[in-house]
> 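Shown below is the structure under consideration.
In each ligand, atom 1 is the first atom listed, and ligand 1 is the first ligand listed.
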Amino acid sequence: MDALKSIRTLDQDKIDIVNQLLLPHIIEYVQIETIEQAHDAIKSMKIRGAPAIGSLASLSIASTLSSAVKATPRPDFLASPASLEAYIAPKLEYLFTARPTAVNLGAAMRRLAKVLSQAVTAHQQQSEPRVSDTDAAVAIANDIIAEAKLIGGEDKAQNITMSKLGGDWLHKRVGGSRKYLNVLTVCNTGSLATSGYGTALGFITYLHEQGLLERAYYTQTAPYHQGSRLTSLELHTLSIPSTMICDTMVGSLFQHKSMHAVVVGADRIARNGDTANKIGTYNAAVLAARHKIAFIVVAPTSSVDLSIADGSGIPIEHRPPLEACLVRGALHPPSYDAAGHKVQAQVLITPGAVGETEGGVYNPSFDVTPAELITAIVTEKYVAVKREGEASFELLREAEEAE
Ligand SMILES: CSC[C@H]1O[C@H](OP(=O)(O)O)[C@H](O)[C@@H]1O
């Protein structure tokens with residue numbers, strides 16, 4: 001059985017997403033018809049996962065422009081390159097505001113903005129005879145559509161490449177032969193978080209495909225429960241032996257099980273290797289160091305933000321206090337316990353409370369793991385390890401050497 005796709009491209013360039021707030025009990029696809037619906041889907045976490053949200057934002061731009069180009073009559077914003085820029089540029093900035101931590105969303109929007117501005121400038125500098133303004137606007141719209149579709153589907157191949165690169169590196173490091181590697185992952189980094197195969201979960205899938213994996217452990221990852229709701233679904237779909245642990249059980253697992261690695265994804269990696277990932281990742285990194293277990297980050301090079309020197313520059317999203325107080329599943333069709341009692345939302349906050357702590361709840365969605373706690377950073381282009389005596393990475397040097 002194939003893993004669930006986070007985004008589906010339908011005919012006529014329409015797109016829909018599986019509503020991840022309802023998984024695993026309800027598999028419901030929601031059509032995304034406007035850029036505003038894409039923004040809402042990302043902000044409300046109907047879709048989540050650093051690469052997936054960048055893909056949806058890009059594909060929603062492609063879908064909107066594709067409909068406009070095919071429309072008769074065409075909308076006014078296609079009258080000229082300037083009117084196209086005035087219409088699309090604010091939409092790119094608007095999508096970027098949906099969630100701040102993952103670099104992929106911002107990088108995708110900046111990439112499309114660059115295509116737009118370069119094409120508009122080229123038209124303005126064109127010598128006579130110039131293409132008509134309308135024809136130029138349509139040509140630029142088609143360029144943006146092509147780039148957006150490229151962004152929307154490029155990471156599956158990268159995920160497969162990096163999973164092999166990382167899996168082979170770990171196998172060589174640990175040695176051994178058959179079905180012996182026990183690894184822990186945090187959150188969800190599979191097909192539901194990407195355009196396919198996954199990053200850290202792709203790494204685990206590769207180990208399983210090679211007959212090297214004994215068992216994959218994963219944390220529940222409260223409060224959204226990416227682990228118990230999404231990773232569980234994906235690992236069972238892929239028939240990978242797996243065990244869920246609550247977030248508080250990482251230390252006990254390391255005390256009582258022979259673990260070979262912690263393998264996690266990333267939302268944003270700074271130049272020195274400091275890595276922002278789902279809340280709870282830093283806890284696992286500290287415990288992995290205590291137990292001398294390899295801690296491996298798996299992410300595409302598009303997750304490395306070379307403009308940020310270290311983790312202090314990574315914006316950390318704080319989610320609404322209420323989300324930290326709900327028993328996931330009570331938000332949607334109320335869930336019931338074994339005795340048939342309706343599971344109530346455990347609301348511990350003053351209604352309407354806002355801010356990081358005013359509501360009596362501290363609910364950061366991510367934390368930053370310092371480079372010193374990270375053994376390796378695996379991308380589709382390289383496996384970075386720290387040099388002897390260095391406490392951090394030099395990812396700019398890794399990127400230059402990989403070119
Ligand atoms: C390959 S997904 C990367 C990253 O995104 C997840 O965050 P969220 O579920 O809030 O979007 C998690 O941090 C994953 O590791």
> Say whether Met45 and ligand 1 are in contact under the criterion: heavy-atom distance to a ligand atom below 4.0 Å.
yes
> Please list the nearest protein heavy atom to atom 11 (O) of ligand 1 with its residue and the distance rounded to 0.1 Å.
Gly49 N, 2.7 Å
> Does the Lys NZ or Arg CZ of Arg290 fall within the cation-pi geometry relative to Phe254 - under 6.0 Å from the ring centre and within 45° of the axis?
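No, Arg290 does not lie over the aromatic ring of Phe254.
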> Below 3.5 angstrom, do we get any N/O pair linking Thr189 and ligand 1?
no
> With heavy atoms of Gln226 as the reference, note each atom of ligand 1 found under 4.0 Å away.
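Contacts of ligand 1 toward Gln226, numbered from 1: 8 (P), 9 (O), 10 (O).
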> Would Glu390 and Lys386 pass as an ion pair if we require N to O under 4.0 Å?
no
> Measure Pro51 to ligand 1 on non-hydrogen atoms and call it side chain, backbone, both or neither using the 4.0 Å cut-off.
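Just the side chain.
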> When you look at NZ of Lys156, are more than 12 heavy atoms from neighbouring residues, nucleotides or ligands closer to it than 6.0 Å?
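Not buried by this count: 12 neighbours or fewer within 6.0 Å.
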> Only one of Leu95, Leu105, Ile17 forms a side chain to side chain contact (heavy atoms under 4.5 Å, CB included) with Leu56, so which one is it?
Ile17
> For ligand 1, note which part of Tyr224 has a heavy atom under 4.0 Å away: side chain, backbone, both or neither.
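For Tyr224, no heavy atom sits under 4.0 Å from ligand 1.
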> Any atoms of ligand 1 less than 4.0 Å from a non-hydrogen atom of Ala50? List them with their elements.
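Once the distances to Ala50 are compared, the set is 2 (S), 3 (C), 5 (O).
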> Suppose we measure from atom 15 (O) of ligand 1 to each protein heavy atom; which comes out shortest, and what is that distance?
Asn277 OD1, 2.5 Å
> Thinking salt bridges, do Asp13 and Lys70 make one under a 4.0 Å N-O criterion?
yes
> Does the residue Ala266 have a heavy-atom contact with ligand 1, meaning some pair of atoms that are separated by less than 4.0 Å?
yes
> Would you kindly specify which portion of Arg48 sits under 4.0 Å from ligand 1, judged on non-hydrogen atoms: side chain, backbone, both or neither?
both
> Please say whether more than 12 non-hydrogen atoms of neighbouring residues, nucleotides or ligands are located less than 6.0 Å from OH in Tyr217.
yes
> Output the distance between atom SG (Cys187) and atom CD (Gln226), rounded to the nearest 0.5 Å.
3.5 Å
> Among all protein heavy atoms, pick the one closest to atom 10 (O) of ligand 1 and tell me residue, atom and distance.
Lys278 NZ, 2.7 Å
> Is it true that His208 and Ser239 share a donor-acceptor pair across their side chains at a distance under 3.5 Å?
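Result is no, nothing qualifies.
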> Just to be sure I'm reading this right: ignoring hydrogens, which of Ile47, Thr199, Asp267, Asn188 gets closest to atom 1 (C) of ligand 1? Compare them by their nearest heavy atoms.
Thr199
> Counting heavy atoms only, name the option from Arg99, Arg319, Arg268 that's nearest to atom 8 (P) of ligand 1.
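Ranked by closest heavy atom to atom 8 (P) of ligand 1, first place is Arg99.
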> Taking Glu317 as the fixed residue, which of Arg99, Arg268, Lys278, Lys43 is the one that meets the salt bridge (Lys or Arg N to Asp or Glu O under 4.0 Å) rule?
Arg99
> Which residue supplies the protein heavy atom nearest to atom 12 (C) of ligand 1, what is that atom called, and how far is it?
Cys187 SG, 3.4 Å
